[in-house]
Amino acid sequence: MKPVCVLRMPRGPDGSSRGFDPTSERYLALCPTTISSSDSAVDSATFVEEQKARTVLRERYIRSLLAMVKKDVHFTMYERVKVNAVFGASDIDILNFQVSDLQTPLGVQKEALIRCPDIISYSFSIDAGLKD
Amino acid sequence: MAMRQTPLTCSGHTRPVVDLAFSGITPYGYFLISACKDGKPMLRQGDTGDWIGTFLGHKGAVWGATLNKEATKAATAAADFTAKVWDAVTGDELLTLAHKHIVKSVNFTQDSGYLLTGGQDKILRIYDLCKPEADPQEISGHTSAIKKALWYSDDKQILSAADDKTVRLWDRASMDVVKTLQFDTSVSSMEYIPDGEILIITYGKTVAFYNALGLDLIKTVDAPAPINSASLHPDKDFFVAGGDDFKLYKYDYNTKEELESYKGHFGPVHCVRFSPDGELYASGSEDGTLRLWQTAVGKTYGLWKCVLPEELVSENSDTLYGSTPEIKA
């Protein structure tokens, strides 16, 4: 018996991100903004203004991450954990922070990944010197 | 001309796939979610198996996964003692619902307003998704871990299957048991499609069909091997089942005749579901893969292409594949 022909194999995960392509037809149709709007019946002028505000906030946050590189950061986490580490980088979805010299009660971890959902808050001094 | 089935293998998971669910048919097609012991449930396009995204956040094996009808929300049940609700368009985590033990099953009401959960702590919980901080309503009664919990008859009732060898029907308003089905062995799966009039329950090597209205037994069919999951075609002419012998079986629902059986998985089949349009069925296995199988073998649908003999000669051979490359042990 001849096997049924197939156009291609199903596409698998791309390995570099968690997916949910924001340029897909469904995403664009169902999610004009990533955070739910204050009012779904908002008029277009308010919408544009809100979008501008989101852009400013987003850019400010990304710049804050850049400012944090090689600085000593204090993390307050769940389970009453408070640790210090030198910030390296964040992944694209802000799900993991790459840090160095993580000070833990068990000793200093040279390199570590901190899961962002485990973090309650973090702080650092913009004026502090860089830690290489 | 009879053709040989070419299953489409969806890879990506790194551990056994233990549950899967389809959404309804949406303007963007239909979708499939898979629950995996690697803790990373995935969303795929239902008719092609193409990966859309991975829901990241669980810290343990994910035992149950479901989508709402419109595929805008997903819910997952995990070994990290939480059930999570996700935005199925952006992949963002919307809610984490803490439980006291491993959560095994999650199910949305038709309007996606409430989530039903069940798991190892033997208690059914109903969460109002508009008031997630509020305490859930709790229904106790099962004496062993709950395996599956489903909304039933227009969300007015709840059906639950547990390791105590019972399937119980509860009235949502009074939270009392309405009927109990007793079995000699643990129920391995339970499937009910709202709109459908038939409930399927599998246990041992048996696939049993019940009338949804009175929960009366219609018929049972025995398979050659222990069955972990079964699904009835939307038109109720076939059903498929899969279990410990790694094979998928297709039966005629009316005559109970075994029509086809397919080898392909490299481990026990844990779950099998028909797509909402009945054109294909998906199976999840211990081998970490999902496979999509055609209901009508040889039909052009999704990634399958019906090729007439004349076309095979003239087509560019790079664009068509005769069979999926299988790893030979």
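All chains are named by letter (A, B, ...) in the order of the sequence lines, taking the proteins before the strands, and each is independently numbered beginning at 1.
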>> Taking NZ in A:K71 as the centre, count heavy atoms belonging to other residues, nucleotides or ligands within less than 6.0 Å. Is the count above 12?
In response: yes
> Where do A:V4 and B:K305 come nearest, in terms of heavy atoms and distance?
Replying inline: CG1-O, 4.3 Å
>> Which one wins on heavy-atom pair count under 4.5 Å against chain A: B:G91, B:G49, B:G57, B:G302?
In response: B:G91
>> Please check if the number of heavy atoms outside B:Y30 that lie under 6.0 Å from its OH is greater than 12.
In response: yes
> Tell me, side chain or backbone of B:F31 under 4.5 Å from chain A's heavy atoms, or both, or neither?
Replying inline: side chain
>> Is B:E93 close to chain A through its backbone or its side chain, or both, or neither, when contacts mean heavy atoms under 4.5 Å?
In response: neither
> Are more than 12 heavy atoms from other residues, nucleotides or ligands located less than 6.0 Å from atom CD of A:E79?
Replying inline: no
> Below 6.0 angstrom between ring centroids: does that apply to A:Y27 and B:Y28?
Replying inline: no
>> Quick one, B:E70 and A:L30 - any side-chain contact, counting heavy atoms below 4.5 Å?
In response: no
> Taking all atoms of both residues into account, what is the closest heavy-atom pair of B:L56 and A:R18, and its distance?
Replying inline: CD1-CB, 3.7 Å
> Has A:I120 got more than 12 heavy atoms of other residues, nucleotides or ligands less than 6.0 Å from its CD1?
Replying inline: yes
> How close do B:S11 and A:P13 get, heavy atom to heavy atom, and via which atoms?
Replying inline: O-CD, 3.7 Å
>> So, applying side chain to side chain contact (heavy atoms under 4.5 Å, CB included) with A:P10, which one of B:T9, B:L303, B:T48 is it?
In response: B:L303
> Of the non-hydrogen atoms in B:K59 and A:D118, which two are nearest, and what is the gap between them?
Replying inline: NZ-OD1, 2.6 Å
>> Using a 6.0 Å cut-off, check whether atom CG of A:L66 has over 12 heavy atoms from anything other than its own residue.
In response: yes
> Which atom pair, heavy atoms only, marks the closest approach of B:L43 to A:R26?
Replying inline: CD2-NH2, 3.9 Å
>> A quick test of your reading: do over 12 heavy atoms of other residues, nucleotides or ligands sit less than 6.0 Å from CD of B:Q110?
In response: yes
> So which part of B:K40 gets closer than 4.5 Å to some heavy atom of chain A, the side chain, the backbone, both or neither?
Replying inline: neither
>> Report which part of B:L292 has an atom under 4.5 Å of a heavy atom belonging to chain A: side chain, backbone, both, or neither.
In response: neither
> Can you tell me how far SG of B:C10 sits from CZ of A:R11, rounded to the nearest 0.5 angstrom?
Replying inline: 12.0 Å
> Is it the side chain or the backbone of A:D93 that comes within 4.5 Å of chain B heavy atoms, both, or neither?
Replying inline: neither
